[in-house]
2 protein chains.
Amino acid sequence: MAEPRDNQQPDSVFTRPPRGRRAQPALSRERIVAGTIALLDRDGAPALTMRKVAAELGVHATSLYWYVDRREDLVDLALDAVLAEAAAGLPGPDEPWESAVKTTARRFYTALTDRAWAAEFAGVRPLLGPNALALSRRIIAALADSGGGDEDRAVAIRALANQILGAATTTVAMRAGAAAARGGTDDARAAAVSASDALAVENAYFDQVIDLLLAGIRARRAT
Amino acid sequence: MAEPRDNQQPDSVFTRPPRGRRAQPALSRERIVAGTIALLDRDGAPALTMRKVAAELGVHATSLYWYVDRREDLVDLALDAVLAEAAAGLPGPDEPWESAVKTTARRFYTALTDRAWAAEFAGVRPLLGPNALALSRRIIAALADSGGGDEDRAVAIRALANQILGAATTTVAMRAGAAAARGGTDDARAAAVSASDALAVENAYFDQVIDLLLAGIRARRAT
DNA sequence: ACCTGAACACCGTTCAAGT
DNA sequence: ACCTGAACACCGTTCAAGT
């Protein structure tokens with residue numbers, strides 16, 4: 001845990017701010033988001049407090065308010081940052097619509113379940129950041145090629161969004177429940193094996209659930 | 001806001017505790033749950049603090065710990081209490097499986113969205129109370145009649161659970177967003193009309209989304 | 001412009017003490 | 001058995017002040 005730094009550099013042209021303005025702000029939104037994610041990865045969702053994020057950055061809690069308005073902003077920024085990878089490698093526009101839906105949904109779900117805190121916060125904060133929007137839009141674009149009327153597509157979009165969010169939320173809840181039930185009573189090797197098995201099972205379930213929705217969409221289109 | 005009561009009744013046989021034991025405990029789990037729900041209905045999810053629940057009941061915050069272990073227990077108890085109505089009037093065993101799924105899912109969803117705090121907490125606490133289990137089991141029982149293999153049914157169960165939770169969560173989030181966007185700029189009559197319209201639209205969407213899943217289940221069974 | 005420091009009005013939870 | 005009261009170790013956020 002870093003102490004608020006005490007600025008004891010020797011006085012010289014190089015350290016002195018180059019006019020009225022400070023040379024480099026100690027903080028920035030990016031640094032704050034990075035610190036927030038580091039804290040969340042290490043200590044989990046309940047550890048997200050203004051004071052702890054500030055400590056992570058060697059700064060006072062009140063300094064954060066220069067860059068964000070409230071604690072919730074940190075949550076929203078961290079969540080969207082974590083969705084950046086998922087939004088980076090989206091299927092191209094020539095991808096058939098069904099596989100585009102599948103891989104985009106899976107990427108979204110994986111980003112949320114990779115870090116437990118992401119799924120926990122996603123259930124509590126609406127996902128409105130640019131990366132969340134990019135993911136949503138890719139799914140919407142794919143459904144545009146799915147046939148059916150506007151109404152059908154609007155329903156399908158909601159169904160997929162609900163499914164992704166619901167699946168991510170219940171997956172991390174079940175993991176937490178399983179971990180609590182296990183207690184401390186298992187050796188590391190067995191735990192690692194069963195964890196990777198469990199992950200494969202979870203992912204298979206997610207894919208099948210999405211397939212079920214796609215089957216429904218196809219069936220609807222046929223009638 | 002009730003003050004902790006100051007016990008100034010006249011001394012008599014009727015007021016005096018009838019031996020070592022107290023006549024009637026001032027508190028009980030039921031009273032605590034009722035107070036919690038009253039508070040949540042009035043002031044919303046962020047108002048749920050041990051101190052405020054205690055004030056609601058005219059008691060000190062620390063007294064609650066005789067009946068519950070932690071704040072989360074209040075959340076779990078309040079959530080399950082709110083699901084009691086929904087679990088009370090479930091479709092009978094002779095109901096055709098598709099309509100049993102539809103009405104049970106709808107009851108579950110409605111219970112969660114009727115009070116915003118219920119959906120908010122449902123996204124954050126696993127629903128493991130007796131009433132939540134009764135609702136889940138009714139859906140599971142219905143799916144037993146849906147045909148298909150065990151694996152298909154397990155997938156369908158997850159899909160429905162994810163859908164209910166996801167739909168409830170996003171519905172209340174959208175309502176909150178819409179309310180924030182409106183600000184204070186609308187008269188009460190117009191607001192009431194548009195709120196009831198919006199509710200009808202929401203419910204129609206939910207029903208259609210469930211229908212989409214059911215179409216998927218049917219299609220799967222056919223192949 | 002950017003950060004500190006003090007302060008306000010809260011939190012959940014523990015534990016010893018009363019009755 | 002059941003409730004109080006004091007206490008501990010926190011919270012988010014505001015605002016004036018420093019540089």
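In the text below, chain A, chain B and the rest are named by the order of the sequence lines, each starting its count at 1. Bear in mind that the values here come from a model prediction, so they are computed numbers and not experimental data.
With values rounded to the nearest 0.5 angstrom, B:Ile164 atom CD1 is found 8.0 Å from B:Leu135 atom CG.
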Under-3.5 Å N/O pairs linking protein and nucleotides 9-11 of chain C:
unit_1: C:dC11; atom_1: OP1; unit_2: B:Lys52; atom_2: NZ; d: 3.3
unit_1: C:dC11; atom_1: N4; unit_2: B:Arg51; atom_2: NH2; d: 3.4

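Between D:dC3 and B:Trp66, no contact under 4.0 Å exists linking OP1 or OP2 to a side-chain N or O. Side-chain N/O atoms of A:Ser63 include none lying less than 4.0 angstrom from OP1 or OP2 on C:dC2. Regarding contacts with the backbone of D:dG5, a side-chain N or O of B:His60 is found under 4.0 angstrom from either OP1 or OP2. For A:Tyr65, no side-chain nitrogen or oxygen approaches OP1 or OP2 of C:dT4 to under 4.0 Å.
We find that B:Arg107 and B:Glu85 are not joined by a salt bridge, their nearest charged nitrogen and carboxylate oxygen being 4.0 Å or further apart. A salt bridge does not link B:Lys102 to B:Asp207: none of the charged nitrogens lies less than 4.0 Å from a carboxylate oxygen.
In the displayed structure, B:Arg42 atom CZ is contacted under 6.0 Å by more than 12 heavy atoms of other residues, nucleotides or ligands.
Under the ring pair (Phe, Tyr, Trp, His ring centres under 6.0 Å) criterion, A:Phe206 pairs with A:Tyr109, sequence neighbours left out. With sequence neighbours excluded, no residue forms a salt bridge (charged side-chain N to carboxylate O under 4.0 Å, His left out) with A:Arg158.
Side-chain N or O atoms of A:Tyr65 include none that pairs as donor or acceptor with a backbone N or O of A:Arg70 at under 3.5 Å. Listed for the A:Arg138 side chain is no donor-acceptor partner under 3.5 Å among the backbone atoms of A:Thr104. In terms of modelled atom types and a separation under 3.5 Å, the side chain of B:Arg71 and the main chain of B:Leu48 share a donor-acceptor contact.
Annotation: D:dA16 and C:dC2 have their C1' atoms spaced 15 Å apart (nearest Å).
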Please tabulate, for side-chain N and O atoms in residues 74-83 of chain A, each donor-acceptor pair with protein atoms closer than 3.5 Å (sequence neighbours left out).
unit_1: A:Asp76; atom_1: OD1; unit_2: A:Arg125; atom_2: NE; d: 2.8
unit_1: A:Asp76; atom_1: OD2; unit_2: A:Arg125; atom_2: NH2; d: 2.8
unit_1: A:Asp80; atom_1: OD1; unit_2: A:Asn131; atom_2: N; d: 3.3
unit_1: A:Asp80; atom_1: OD1; unit_2: A:Ala132; atom_2: N; d: 3.1
unit_1: A:Asp80; atom_1: OD2; unit_2: A:Asn131; atom_2: N; d: 3.0
unit_1: A:Asp80; atom_1: OD2; unit_2: A:Asn131; atom_2: ND2; d: 3.2

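Each of B:Glu72 and A:Leu64 was assigned the nucleotide of DNA chain C with the nearest heavy atom; the assignment lying further toward the 5' end belongs to A:Leu64.
For B:Thr62, the listed nucleotide lying nearest its side chain is D:dT4; candidates were D:dT4, D:dT13, D:dC2. In this structure, of D:dT4, D:dC2, C:dC3, it is C:dC3 that holds the atom nearest to the side chain of A:Ala26.
Here the side chains of B:Ile140 and B:Arg153 are not in contact, with every heavy-atom distance at 4.5 Å or above.
The CG atom of A:Asp69 sits 13 Å away from the P atom of D:dC15 (whole-angstrom rounding).
Secondary-structure stems of DNA chain D, taken as three or more successive Watson-Crick or G-U wobble pairs (i with j, i+1 with j-1) under a 3.5 Å distance threshold, comprise C:4-8 with D:12-16, C:12-16 with D:4-8.
Only at 4.0 angstrom or more do the heavy atoms of residues 30-40 of chain A sit from any atom of DNA chain C, so none qualifies.
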